[in-house]
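Structure first, then comments.
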2 protein chains.
Amino acid sequence: GWVRRRAAMHSASKSWLLLSGFVLFYIIYLLFGALVFSSIERPAEDELRRDTQRLKEAFLNQSCVSAATLELFLSRVLAANKHGVSVLRNSSSRSNWDLASSMFFANTLVTTVGYGHPTPLSDAGKAFSIAYALIGVPFTMLVLTACVQRIMQPLVLAPVGLLQRSGLKPRPATVVHFLLLLLAVVLCCFLAPAAVFSALEASWTFLDSVYFCFISLCTIGLGDFVPAARPGQPYRALYQVAVMVYLFIGLMMMYLLLRTFHKMADVHGLTTFFQLPRCEASLMDDDTEPIVGNDPTPPRPKDRPATKPLDPGSQPSYNSINKG
Amino acid sequence: GWVRRRAAMHSASKSWLLLSGFVLFYIIYLLFGALVFSSIERPAEDELRRDTQRLKEAFLNQSCVSAATLELFLSRVLAANKHGVSVLRNSSSRSNWDLASSMFFANTLVTTVGYGHPTPLSDAGKAFSIAYALIGVPFTMLVLTACVQRIMQPLVLAPVGLLQRSGLKPRPATVVHFLLLLLAVVLCCFLAPAAVFSALEASWTFLDSVYFCFISLCTIGLGDFVPAARPGQPYRALYQVAVMVYLFIGLMMMYLLLRTFHKMADVHGLTTFFQLPRCEASLMDDDTEPIVGNDPTPPRPKDRPATKPLDPGSQPSYNSINKG
């Protein structure tokens with residue numbers, strides 16, 4: 001009773017403290033990345049931009065245009081364009097590596113969306129991208145998983161319970177719940193944001209916007225549509241931050257959907273049938289590792305001490321090690 | 001004894017049959033995607049290529065080049081380039097949507113790498129990309145998970161057991177094993193392939209190649225480096241198939257690394273400390289969902305029938321539903 005309830009309250013408050021810490025550190029990590037990328041890439045970009053402008057002026061000043069000079073000019077224009085530096089007049093002033101854009105780039109790295117506009121120009125930028133993603137990608141997965149862990153109760157466990165209390169059997173309840181959740185995610189994370197994007201981006205149709213949302217939240221990130229990339233975009237930094245928040249919430253919902261589907265597959269015995277790992281919290285150990293299914297040791301009792309030495313003759317497995 | 005061993009053998013052969021089925025279907029799915037993308041995008045690409053060539057000829061034939069005509073010409077050149085159609089003479093003949101390239105694109109979609117070179121031009125291509133990824137991304141995750149499930153025994157469970165038999169305690173054994181596995185993955189999936197790429201791609205330095213491998217296997221896929229994209233690449237189709245195999249094996253090893261790390265974190269009590277879901281096969285249910293920790297029902301015995309109605313007063317949760 002009392003001790004247990006106090007422990008649960010302590011656990012819940014620790015849980016929220018941890019989550020706030022994770023999210024805060026995530027934002028700090030993005031800001032840190034933005035500062036480093038901005039300071040590494042800005043000089044390289046400025047130099048490339050100056051070179052490209054000089055090249056364009058020289059091309060315009062020559063008396064006649066031969067096929068060979070045009071070829072050379074175009075090859076250098078395309079090379080500069082690949083690094084996000086456009087020769088067009090109306091786009092010459094804006095940088096791809098101001099603070100908000102650098103943060104946007106850092107965000108596409110750690111979420112593994114990776115639009116590829118812009119991409120680092122310098123070797124230092126490439127090396128830093130590797131180091132940054134090496135820590136950032138697992139950390140972002142951790143933060144997203146921690147967030148999903150906290151929204152499982154209100155968005156999955158409680159609604160499934162409600163459906164069961166209203167008369168549905170456990171299995172149909174999980175299916176009905178999954179379909180409702182899917183519908184909500186399609187509406188709130190794909191169709192509604194797509195409507196906003198097609199209103200904000202002049203050249204995007206509604207299909208383009210849905211395609212962008214889908215390609216982004218699957219973390220494919222082709223980069224043929226990147227928001228806030230149009231020259232002269234008003235409130236560009238604010239727009240980029242809003243897209244970052246959208247990506248974070250959208251990815252969280254995709255994780256939630258995936259985990260709910262995994263749990264549903266567990267309940268319906270699909271993971272066991274396909275001999276795949278169960279979602280988690282399985283009471284039946286032996287089903288999950290069919291290859292070590294000929295392990296002769298019986299399922300271990302819950303309270304076995306962690307330090308008990310393992311029987312050297314038994315099939316070794318992670319499952320035979322209890323946490324302390 | 002006998003019944004159990006026969007069941008295990010049956011399970012193992014079913015396991016390999018399933019895996020072969022998955023991999024075969026994966027290849028068929030990629031081929032199907034390649035055929036559809038190729039047939040949808042090739043006409044659109046051909047038209048864009050013809051337009052761009054006509055534009056270039058018209059630009060070369062004019063007597064004087066004004067800043068305004070150059071601006072217009074360049075904006076159209078860059079728009080075509082965005083869709084993978086280059087105006088440069090040496091790249092005019094090759095298509096981005098031949099069968100091997102389309103399969104490569106289909107592969108970057110379903111693995112969520114998404115380099116973005118090429119990207120679909122037509123609305124039909126975009127719509128098909130959504131539908132294709134909708135099925136392909138979860139299916140690829142399933143195939144990769146199923147493959148990892150089968151290599152867990154030889155690459156994780158057996159080596160950890162070996163380390164334990166050679167005198168290490170369970171916890172240090174998991175750490176030593178993880179570090180060895182990490183080293184092997186860095187060598188075989190990053191450094192060795194990077195050496196091959198820097199030999200095959202004339203313009204890539206070794207850093208560029210490591211950066212490409214890293215950005216690819218994290219599924220970030222920026223697309224600033226794409227193999228086999230150089231015009232006149234010999235054995236291009238073969239090279240693209242080899243890169244696809246590399247991506248598949250590399251992603252499998254990344255999944256394995258991630259799962260091994262997750263299991264190690266379980267063993268060290270880290271997942272419990274951070275109140276995150278355990279990897280799987282947990283014997284201690286209550287730790288995993290701290291928010292429903294005040295659930296008064298005791299852990300359910302293993303053989304509880306699936307159809308038994310749930311106590312309507314108890315905290316409803318997925319954990320309270322046994323599979324049938």
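So you know, we letter chains A, B, ... as the sequences are listed, proteins then strands, and number each from 1.
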Quiz item: Looking at A:K82, A:H117, A:K14, A:K56, which has the largest count of heavy-atom pairs under 4.5 Å with chain B?
Solution: A:K14

Exercise. Identify the two heavy atoms, one from B:S75 and one from A:L88, that lie closest to each other, and give their separation to 0.1 Å.
Key: N-CD2, 3.6 Å

Self-check item: Considering all heavy atoms, the nearest A:A133-B:I220 contact
Solution: CB-CD1, 3.8 Å

Quiz item: Given a strict heavy-atom distance threshold of 4.5 Å, which part of A:T111 is in contact with chain B: side chain, backbone, both, or neither?
Solution: neither

Quiz item: B:N81 versus chain A, heavy atoms under 4.5 Å apart: side chain, backbone, both or neither?
Solution: side chain

Self-check item: Contacting region of B:L142 [heavy-atom separation from chain A under 4.5 Å]
Solution: both

Quiz item: Are any of the side-chain heavy atoms of B:P120 and A:Y211 separated by less than 4.5 Å?
Solution: yes

Exercise. Not counting sequence neighbours, which residues clear side chain to side chain contact (heavy atoms under 4.5 Å, CB included) with A:A131? List them please.
Key: none

Quiz prompt | Those residues that, when tested against A:S216, pass side chain to side chain contact (heavy atoms under 4.5 Å, CB included) (two or more places apart) | solution = A:Y115, A:F212, A:L247

Practice problem: Could you grab the distance from atom CE of B:M141 to atom CG of A:L276, nearest 0.5 Å is fine? | Solution: 11.5 Å

Quiz item: Taking the side chain as C-beta and beyond, is there a heavy-atom pair between B:P277 and A:M152 under 4.5 Å?
Solution: no

Quiz item: Rounded to the nearest 0.5 Å, how far does CG of B:L222 lie from CZ of A:F105?
Solution: 5.0 Å

Quiz prompt | Heavy-atom contact with chain A under 4.5 Å, split by part of B:K169 | solution = neither

Quiz item: Step by step, would you call B:V210 with A:I130 a side-chain contact (heavy atoms from CB on, under 4.5 Å)?
Solution: CA-CA 9 Å; B:V210 171; A:I130 297 178; 4.1 Å; yes

Quiz prompt | Contact class of A:L70 relative to chain B, heavy atoms under 4.5 angstrom | solution = side chain

Quiz item: How many angstroms lie between OG1 in B:T119 and CZ in A:F225, if you round to the nearest 0.5 Å?
Solution: 8.0 Å

Quiz item: Checking B:F273 against chain A: side chain, backbone, both or neither under 4.5 Å from a heavy atom?
Solution: both

Quiz item: Above 12 or not: heavy atoms from other molecules or residues under 6.0 Å from CZ of B:F261?
Solution: no

Practice problem: Mind checking the CG-OG1 spacing from A:L60 to B:T69? Nearest 0.5 Å is all I need. | Solution: 8.0 Å

Quiz prompt | Backbone of B:D208 reached by a side-chain donor or acceptor of A:K126 within 3.5 Å | solution = no

Quiz item: About how many Å separate SG of A:C218 and CG of B:L134, when rounded to the nearest 0.5 Å?
Solution: 7.0 Å

Quiz item: Under a 4.5 Å cut-off applied to non-hydrogen side-chain atoms, are A:L78 and B:L78 in contact?
Solution: yes

Exercise. Identify the two heavy atoms, one from B:F274 and one from A:L18, that lie closest to each other, and give their separation to 0.1 Å.
Key: CD2-CD2, 3.5 Å

Quiz item: Who among B:V113, B:D123, B:V137, B:I215 has the most heavy-atom pairs with chain A under 4.5 Å?
Solution: B:D123

